[in-house]
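Take a look at the structure set out below.
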Amino acid sequence: MAVETTRWGIVYCPKTGTGKGRKHWEKIQKVLDARQVQYDFVQSETSESVERLVKMLISNGYKTIIIVGGDSALNDAVNCLMLEEKAVREEVALGVIPNGVMNDFARFWGFDEDDVEKTVGWLARRRVRKVDLGCIRYTNSHGNKCHRYFLNCVNIGMTADIMNLRRQTRRLFGSRTLSFLSSFFVMLFHRMEYKMKLKINNSTIERKVMTVCIGSGPGYGQTPNAVPYNGMLDVSVVYHPEVVQLIEGLWLLVTGRFLNHRSVHPFRTKEVEVEYAKHALVGIDGRLMKTPVGAFKVSVEEEVLNFLIPV
């Protein structure tokens with residue numbers, strides 16, 4: 001039996017490393033009920049289950065799918081949607097109620113984790129905007145050709161390493177601040193460089209690089225001018241700064257002026273070719289992915305996803 005076209009299908013992704021998850025979800029439910037939103041919800045047990053649950057909601061006819069989670073959960077939902085035929089995708093709108101360790105894409109649109117009432121009010125008005133998706137195409141360790149989409153960014157090198165470390169320390173400390181400080185401490189005393197060869201527009205970069213961020217969105221402050229609706233990717237290539245410059249770079253990152261750092265080299269393009277990035281980890285939308293084998297490409301696909309934005 002088909003569900004009502006106005007009924008929301010909600011995937012609730014509990015936040016790891018904190019005991020506040022259940023209270024936050026109860027608050028969301030109260031707001032939904034107070035606004036008389038018709039909805040059904042399912043809870044993800046693991047990150048792998050998000051795609052399965054989104055597929056189930058699509059198969060059951062839900063036209064509005066809301067992810068209560070962060071950037072990684074949104075990434076899973078997006079990749080599930082992109083497996084569907086275009087005609088199916090055109091009928092589905094994806095929305096987010098931020099509830100993750102990283103909520104960068106939600107924050108870009110003005111969604112605030114602490115203001116559930118405003119978020120639900122915006123979503124209820126169902127203002128849909130088509131947004132771009134980045135796509136990384138690579139070969140895995142089994143020799144299979146693979147691809148994965150992203151809303152926010154792909155990180156290559158140190159930032160991917162730090163994001164992975166931050167997730168691990170978040171589980172250990174249960175605190176966003178402590179995990180950030182411990183990760184930054186390691187970054188200061190365990191800095192790395194990676195030998196890379198990149199092709200961006202007409203430029204070829206072949207040298208040691210600390211980190212690369214390729215953003216369709218704000219890229220956790222590293223591609224602050226990127227927007228997911230101009231058909232372009234913003235790229236920040238960071239060479240190896242000294243310790244003092246590294247601290248300066250952190251300050252510029254926090255204050256939204258990352259591109260002003262002397263070690264940051266920005267580009268705007270439709271495609272990035274990575275011929276090699278030796279021993280560099282690769283992260284996508286805040287989660288470590290299996291490192292591609294050999295060369296890979298990152299490109300952009302224009303206006304392929306219906307996303308619910310504020311009014």
Side-chain angles (χ1 to χ4, degrees), residues 47 71-72 75 101-102 134-150 152-172 179-180 182-201 203-216 219-223 233-243 245-247 249-250 253 258 261-267 269 271-299:
S47 59
D71 290 331
S72 296
N75 181 276
V101 176
M102 310 289 262
C135 183
I136 177 170
R137 300 182 185 278
Y138 63 99
T139 302
N140 67 14
S141 58
H142 300 291
N144 299 320
K145 300 292 184 182
C146 306
H147 68 276
R148 191 160 183 89
Y149 294 96
F150 60 93
N152 194 20
C153 67
V154 165
N155 290 109
I156 309 166
M158 176 61 77
T159 303
D161 193 41
I162 293 302
M163 283 185 168
N164 184 47
L165 179 62
R166 185 180 178 184
R167 284 184 176 275
Q168 293 174 352
T169 54
R170 179 72 184 270
R171 294 191 190 98
L172 178 63
S179 67
F180 177 81
S182 61
S183 300
F184 179 59
F185 179 83
V186 173
M187 181 169 64
L188 284 175
F189 295 98
H190 191 231
R191 293 176 299 141
M192 295 181 182
E193 291 178 302
Y194 306 90
K195 193 172 181 180
M196 299 189 192
K197 185 175 182 180
L198 314 170
K199 290 185 178 179
I200 308 172
N201 297 326
S203 300
T204 298
I205 300 168
E206 189 171 10
R207 57 162 294 162
K208 288 184 177 180
V209 174
M210 189 173 80
T211 191
V212 177
C213 182
I214 305 170
S216 179
Y220 307 107
Q222 296 167 86
T223 52
L233 296 168
D234 279 22
V235 185
S236 293
V237 181
V238 184
Y239 300 154
H240 197 167
E242 300 300 324
V243 173
Q245 293 176 344
L246 193 62
I247 296 172
L250 178 66
L253 177 66
F258 184 69
H261 195 278
R262 70 195 78 176
S263 294
V264 178
H265 301 267
F267 300 85
T269 185
E271 184 178 87
V272 178
E273 293 185 46
V274 182
E275 289 202 10
Y276 58 80
K278 295 183 177 179
H279 309 298
L281 296 178
V282 178
I284 185 166
D285 282 348
R287 179 191 293 154
L288 198 66
M289 65 179 290
K290 292 181 179 179
T291 302
V293 175
F296 57 92
K297 291 184 180 181
V298 183
S299 58

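Reckoned from all heavy atoms, side chains included, excluding hydrogens, waters and symmetry mates.
Using a 4.5 Å heavy-atom cutoff, the side chains of T291 and L281 are in contact. At least one side-chain heavy atom of M289 sits less than 4.5 Å from a side-chain heavy atom of I136. In this structure the side chain of V298 reaches within 4.5 angstrom of the side chain of F150, judged on heavy atoms. At a threshold of 4.5 Å between non-hydrogen side-chain atoms, the residues Q222 and N155 count as touching. Looking at I214 and T269, their side chains never come closer than 4.5 Å, going by heavy atoms from C-beta outward. Between D71 and Y220 the shortest side-chain heavy-atom distance falls below 4.5 Å. Counting only heavy atoms from C-beta outward, the side chains of F267 and D234 never approach each other to under 4.5 Å. Counting heavy atoms from C-beta outward, E206 and Y276 have side chains that approach closer than 4.5 Å.
Y149 meets the ring-ring contact (aromatic ring centres under 6.0 Å, His included) test with H147; sequence neighbours excluded. R137 pairs by the salt bridge (charged side-chain N to carboxylate O under 4.0 Å, His left out) definition with E301, not counting sequence neighbours. Residues satisfying the side-chain contact (heavy atoms from CB on, under 4.5 Å) criterion with K297, sequence neighbours excluded, are E271, E273.
Here L233 contributes atom CG and I200 contributes atom CD1; the two are 10.0 Å apart, rounded to the nearest 0.5 Å. The CD1 atom of I205 sits 12.0 Å away from the CD atom of E275 when rounded to the nearest 0.5 Å. One finds the NE2 atom of H279 at 13.5 Å from the CD atom of E193 (value rounded to the nearest 0.5 Å). The OG1 atom of T204 sits 6.5 Å away from atom NZ of K197, with the distance rounded to the nearest 0.5 Å. Atom OH of Y194 is separated from atom NZ of K208 by 12.5 Å, given to the nearest 0.5 angstrom.
Between the S72 side chain and the D285 main chain, a donor and an acceptor come within less than 3.5 Å of each other.
Here the closest heavy-atom approach between residue T211 and residue G157 is recorded as OG1-C, 4.3 Å. Nearest heavy atoms, V282 versus P292: CG2-CD, 3.6 Å. The minimum heavy-atom distance between G283 and A160, with the atom names listed, is N-CB, 3.5 Å. Scanning all heavy atoms of the two residues, the minimum distance from I156 to A277 falls at CG2-CB, 4.0 Å.
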Query raised in the report: Should N75 and R148 be marked as a side chain to side chain contact (heavy atoms under 4.5 Å, CB included) after you check the CA-CA gap, both sets of side-chain angles, and the distance that decides it?
Result: CA-CA 9 Å; N75 181 276; R148 191 160 183 89; 2.9 Å; yes
